[in-house]
Amino acid sequence: MFYMISGFSEQWQCPAGEWAVWAPDATTKEAMRTAPDQDVCTSYVQADHLRSGIDGEACTRRLVFTTFTIHDVFDRTIVESVFTEFVRAHGVFHTAFPVSAAPDPRGRTLSPEQIDLAVEATSETHPGDTVKDYLMANVPELHDWAAFAFAVTGVENARPGAVEPHFQVVVCSDHLYTDGVSQAVSFFELVSRYTAARSGAPYTPVPVRPHREFTREQRTLAATLTPTHPDVVQWRETLRRSGGMPRYPLPLGLADGEAAPGRIAVHASFIDADRTARFGAAAKRAGANMNSALLAVLGQVHHNLTGDELFTMLIPRADRSATGDAMAVGWYVTLVPVQFSASGSFDEVARNAHEAVATAKQLDRTPVFPVIDLLADDPEFPVEHGFTAPMLSYIDVTRVPGAELARQHDFSVFANATPSREVFTWINRDESGLDFNAMHPDTTQATRSVDTVFRLLRDRIIEVADRSPALISA
């Protein structure tokens with residue numbers, strides 16, 4: 001569940017060059033084996049992630065990569081210090097949780113000062129491999145706790161005296177430790193720490209709340225839920241109307257519960273900047289915005305393909321409202337259901353979608369997982385753990401804080417291809433227009449279905465844009 005994705009790691013064109021990888025050292029790993037339970041709990045989505053490793057998807061290695069370029073001389077001592085202090089500053093890295101079906105898994109936790117990173121491998125010890133080759137093959141599964149590593153590559157371009165020194169930083173971790181916002185936070189903090197150290201200036205970190213406080217708060221709130229709680233009623237009624245979790249509108253070539261290797265469909269700038277602006281203007285005139293307008297046209301596509309007037313889709317949301325959460329690293333994102341009538345004109349459906357998004361936001365602090373347990377015996381809530389459902393994520397990259405800095409440093413996000421049972425779609429806006437990425441099962445039928453939905457979605461956006469003058473800033 002990322003906010004944005006540049007592609008699968010298999011498509012990442014990782015340059016050859018001199019590289020080094022840092023990971024928790026042997027002393028740290030040994031300390032973790034006997035570390036105490038300090039009453040640190042997972043978030044609900046983290047527990048679901050750990051459960052999925054043994055329940056149906058047979059995948060406990062879901063790696064995400066954050067890559068960016070530092071335009072400066074490479075200083076190995078500073079880099080090691082920056083990586084170590086970053087891990088110590090963010091408690092999500094400090095606890096080892098078991099891969100299990102336990103709804104509230106118990107972990108072992110180290111104190112920050114017990115954690116040290118050391119060079120684990122280099123291009124000299126692994127000749128012929130790129131840093132991506134090494135990370136893909138050697139970052140451990142969650143069974144071994146330290147499913148994260150930090151790396152640099154291209155350091156031959158960043159020696160003292162280089163005319164334009166630069167090297168690439170790679171942060172690799174299991175999804176358990178991060179989400180899309182956290183990947184952006186990691187980039188910003190690591191660049192800031194390195195820049196400060198190189199200039200001799202003190203680095204003053206932004207105060208962050210420990211991830212353990214977020215997860216404890218989430219579980220404390222969930223413990224107050226009852227069948228009549230407004231959030232529970234909203235989940236139950238939404239999924240009762242839809243007959244369960246939403247499904248993709250066309251067949252994916254899978255039997256119920258079956259998964260296939262993942263594949264990603266990529267269409268860069270499928271809508272150019274001018275049409276994107278016109279589409280955004282049409283959304284505003286309808287009383288909506290780009291996010292709800294994209295949901296609206298996707299809903300219209302689903303309506304045309306299935307005949308179903310009621311459209312339901314999951315969207316990612318993150319509750320980072322508490323003081324200290326905005327710049328914290330961890331898995332805060334969850335999915336909430338948007339539901340509206342997709343019958344009518346674009347303006348009507350866009351307004352419906354906009355209102356539905358506002359309603360869905362009320363569930364930001366109540367993920368579905370405790371609701372599943374609470375309503376396990378309710379026949380009108382036909383959802384079980386291990387469910388799958390399609391997702392649509394939209395982000396306007398140009399409006400993300402630090403967007404210009406991200407461009408300057410070639411910030412990118414990748415993920416390894418994991419087993420897939422549904423279609424996750426990311427539509428991102430940048431200066432060139434709209435990009436489309438959809439991760440789906442690698443079956444012939446799924447590939448055709450995703451292509452059909454993409455073409456209909458594109459044509460519908462173009463239709464709306466071409467009859468709309470771009471009079472309002474999108």
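In this text, all values refer to a predicted model and were calculated from it rather than measured experimentally.
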Full working for side chain to side chain contact (heavy atoms under 4.5 Å, CB included) between Tyr134 and Glu120: CA-CA 10 Å; Tyr134 178 83; Glu120 178 179 86; 2.7 Å; yes
Nearest heavy-atom pair of Leu135 and Ala149: which atoms, and what distance? CD2-CB, 3.9 Å
Please lay out, stage by stage, how Arg193 and Glu189 fare under the test salt bridge (charged side-chain N to carboxylate O under 4.0 Å, His left out). CA-CA 6 Å; Arg193 285 182 180 272; Glu189 182 173 328; 2.9 Å; yes
Please state whether the rings of Phe148 and Trp145 are parallel, tilted or perpendicular, taking 30° and 60° as the class boundaries. perpendicular
Check the angle between the aromatic planes of His267 and Phe454 and answer parallel, tilted or perpendicular using the 30° and 60° thresholds. parallel
Row check, Phe270 ring normal vs Arg458 NZ/CZ: under 6.0 Å, within 45°: no
Taking atom types as modelled and ignoring hydrogens, do the side chains of Ser52 and Arg62 form a donor-acceptor contact shorter than 3.5 angstrom? yes
Evaluate side-chain hydrogen bond (donor to acceptor under 3.5 Å, both in side chains) for Ser111 paired with Glu113, printing each intermediate quantity in order. CA-CA 6 Å; Ser111 58; Glu113 62 273 11; 3.2 Å; yes
Would you name the heavy atoms of Met245 and Thr388 that are closest together and state the gap between them? CB-O, 4.1 Å
Is Leu295 close to Tyr394 at the side-chain level, that is, under 4.5 Å between some pair of heavy atoms? no
Any sub-3.5 Å donor-acceptor pair from Thr443's side-chain atoms to Leu252's backbone N or O? yes
Thr425 side chain vs Leu392 backbone, donor-acceptor pair below 3.5 Å: no
By ring pair (Phe, Tyr, Trp, His ring centres under 6.0 Å) - contacts of Phe187 (at least two apart): Phe68, His409, Phe411
Could you give me the CA-CA distance, side-chain angles and deciding distance for Arg448 and Asp451, then say whether salt bridge (charged side-chain N to carboxylate O under 4.0 Å, His left out) is met? CA-CA 5 Å; Arg448 289 174 179 166; Asp451 183 62; over 6 Å; no
Test your reading of the model: is there a side-chain donor-acceptor pair from Thr238 to the backbone of Trp235, 3.5 Å cut-off? no
From Met290 CE over to Lys284 NZ, what is the distance, rounded to the nearest 0.5 angstrom? 9.5 Å
If I take atom CG from residue Asp174 and atom CG from residue Asp144, how far apart are they, to the nearest 0.5 angstrom? 11.5 Å
Pair His49, Trp331 - check side chain to side chain contact (heavy atoms under 4.5 Å, CB included), show working. CA-CA 11 Å; His49 178 62; Trp331 196 346; 3.6 Å; yes
Quick check: do Pro441 and Glu258 have side-chain heavy atoms less than 4.5 Å from each other? no
Within the 4.5 Å heavy-atom criterion, are Phe436 and Ile271 side-chain neighbours or not? no
Counting only N and O atoms by type, is there a donor-acceptor contact under 3.5 Å from the side chain of Glu348 to the main-chain atoms of Ser343? no
Distance-minimising heavy-atom pair for His440 and Ala446: ND1-CB, 4.0 Å
Look only at the side chain of Arg209 and the backbone of Asp325, and say whether a donor-acceptor pair between them is shorter than 3.5 Å. no
Quick one: does Val232's side chain get under 4.5 Å of Thr226's, heavy atoms only? no
Given the options Leu221, Asp231, Val336, Thr334, Thr366 meets side-chain contact (heavy atoms from CB on, under 4.5 Å) only with Asp231
Could you point out which residue of Thr66, Leu63, Val64, Thr67 forms a side-chain contact (heavy atoms from CB on, under 4.5 Å) with Phe414? Thr67
Report the residues that fulfil side-chain hydrogen bond (donor to acceptor under 3.5 Å, both in side chains) with Asn291, sequence neighbours left out, ordered by chain and then residue number. none
Are Thr359 and Gln234 side-chain neighbours, meaning at least one heavy-atom pair lies under 4.5 Å? yes
Donor-acceptor check, side chain of Gln46 to backbone of Leu176, threshold 3.5 angstrom: yes or no? yes
Could you walk me through whether Arg106 and Asp39 pass the salt bridge (charged side-chain N to carboxylate O under 4.0 Å, His left out) test, one step at a time? CA-CA 7 Å; Arg106 312 309 302 174; Asp39 198 32; 2.7 Å; yes
Rounded to the nearest 0.5 angstrom, the CG-CD distance for Asn352 and Gln339 is 11.5 Å
Do Pro367 and Gln218 come within less than 4.5 Å of each other through their side chains, counting heavy atoms only? yes
Spacing of CZ belonging to Phe387 relative to NE2 belonging to His385, to within rounding of 0.5 Å: 9.0 Å
Answer whether the closest heavy-atom distance between the side chains of Leu142 and Tyr177 falls below 4.5 Å. yes
Quick one: does Thr42's side chain have a donor or acceptor within less than 3.5 Å of a partner on Tyr44's backbone? no
Quick one: does Asp48's side chain get under 4.5 Å of Arg51's, heavy atoms only? yes
Should Glu213 and Arg216 be marked as a salt bridge (charged side-chain N to carboxylate O under 4.0 Å, His left out) after you check the CA-CA gap, both sets of side-chain angles, and the distance that decides it? CA-CA 5 Å; Glu213 293 185 15; Arg216 176 59 60 196; over 6 Å; no
Counting N and O atoms only, with roles assigned by atom type, does the side chain of Asp308 sit under 3.5 Å from a partner on the main chain of His303, one being a donor and the other an acceptor? no
Greater than 12 external heavy atoms within 6.0 Å of Phe188's CZ: no
Less than 6.0 Å separating the ring centroids of His354 and Phe340? no
Check the surroundings of atom CD in Glu384: do more than 12 heavy atoms from other residues, nucleotides or ligands lie under 6.0 Å from it? no
CZ of Arg263 to CE of Met439, rounded to nearest 0.5 Å, is 14.0 Å
If we ignore hydrogens and angles and just use 3.5 Å, is the side chain of Asp319 paired with the main-chain N or O of Asp364 as donor and acceptor? no
Value rounded to 0.5 Å, distance of CZ in Arg365 from CZ in Phe214: 9.0 Å
Measure up the His90 and Phe86 rings against each other and bin them: parallel (under 30°), tilted (30 to 60°), perpendicular (over 60°). tilted
Take Val171 and Leu190 through the test side chain to side chain contact (heavy atoms under 4.5 Å, CB included) and record every step on the way to the result. CA-CA 10 Å; Val171 181; Leu190 291 169; 3.6 Å; yes
Between Asp179 and Val45, does a side chain to side chain contact (heavy atoms under 4.5 Å, CB included) hold up when you go through it step by step? CA-CA 11 Å; Asp179 58 22; Val45 72; over 6 Å; no
Nearest heavy-atom approach of Pro337 to Ala360 is O-CB, 3.3 Å
Ignoring hydrogens, what is the shortest heavy-atom contact between Ala403 and Thr398? Give both atom names and the distance. CB-O, 4.1 Å
Are the side chain of Asp133 and the backbone of Met136 linked by a donor-acceptor contact shorter than 3.5 Å? no
Could you pull out the closest heavy-atom pair between Ile115 and Leu110, with the gap in Å? CG1-CD1, 4.0 Å
